[in-house]
Amino acid sequence: MPWSDEHLLGYGPMDDTHKEFVALLDALLGCEDRDVRQRLEAFELHAVAHFAEEDDWMERTNFPPKDCHIDEHAAVLRSVRQVLELVRQGDTAEGRRLAAALADWFPGHAFHLDSALAHWMVKRSFGGKPIVLRRNVGR
Ligand SMILES: [Fe+2]
Ligand SMILES: [Fe+2]
């Protein structure tokens with residue numbers, strides 16, 4: 001799952017976090033069995049910070065549809081932690097299944113929930129919709 005500018009949403013701090021998300025997930029998807037635990041631990045640390053950052057933006061700015069977005073973050077983090085426990089007990093396959101599920105989940109989450117938050121944050125900062133410059137999308 002390499003980074004693609006399709007994922008850009010136009011709010012810089014969020015785009016930077018999403019690049020890190022994709023890089024860490026990609027590292028987990030492509031790693032050897034012996035590295036699954038360590039890569040998933042790194043991913044979990046990222047996910048905690050990523051979701052806390054977005055939750056904080058939503059809380060601080062009173063983003064109207066914040067509840068379902070915050071709930072989705074919490075549900076994903078619960079799954080990551082449950083699977084991390086299994087991986088720590090040696091169930092590497094479960095870690096790989098989670099990585100594939102996260103790769104399926106992220107584009108929809110970014111498109112439906114994060115993009116609305118990105119627009120909201122840009123609008124608050126600059127009074128307009130974000131302009132996104134994407135390279136090589138669709139090739
Ligand atoms: Fe996000
Ligand atoms: Fe999100």
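FYI, side chains are in, hydrogens and waters are out, and symmetry mates aren't considered; it's all heavy atoms of this structure. Counting convention: from 1, in listed order, for ligands and their atoms alike. Count residues from 1 along the sequence.
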- Message: If the threshold is 4.0 Å, N to carboxylate O, is there a salt bridge linking Arg81 and Glu85?
- Response: no
- With a cut-off of 2.8 Å, which protein N/O/S atoms are close to the Fe ion (ligand 2), if we only count those under it? Glu54 OE1, His69 NE2, His73 NE2, His109 NE2, Asp114 OD1
- Message: Does atom CZ (Arg135) have a neighbourhood of more than 12 heavy atoms from anything else shown, all under 6.0 Å?
- Response: no
- Message: Check Glu6 with Arg134, please: is the shortest side-chain N to carboxylate O separation under 4.0 Å?
- Response: no
- Query: Which word best sums up how the rings of His18 and Phe21 line up, parallel for under 30°, tilted for 30 to 60°, or perpendicular for over 60°?
  - Reply: perpendicular
- Who passes side chain to side chain contact (heavy atoms under 4.5 Å, CB included) against Arg78, sequence neighbours left out? Ala74, Ala75
- Residue pair His73 / His50, side-chain donor-acceptor N/O under 3.5 Å: no
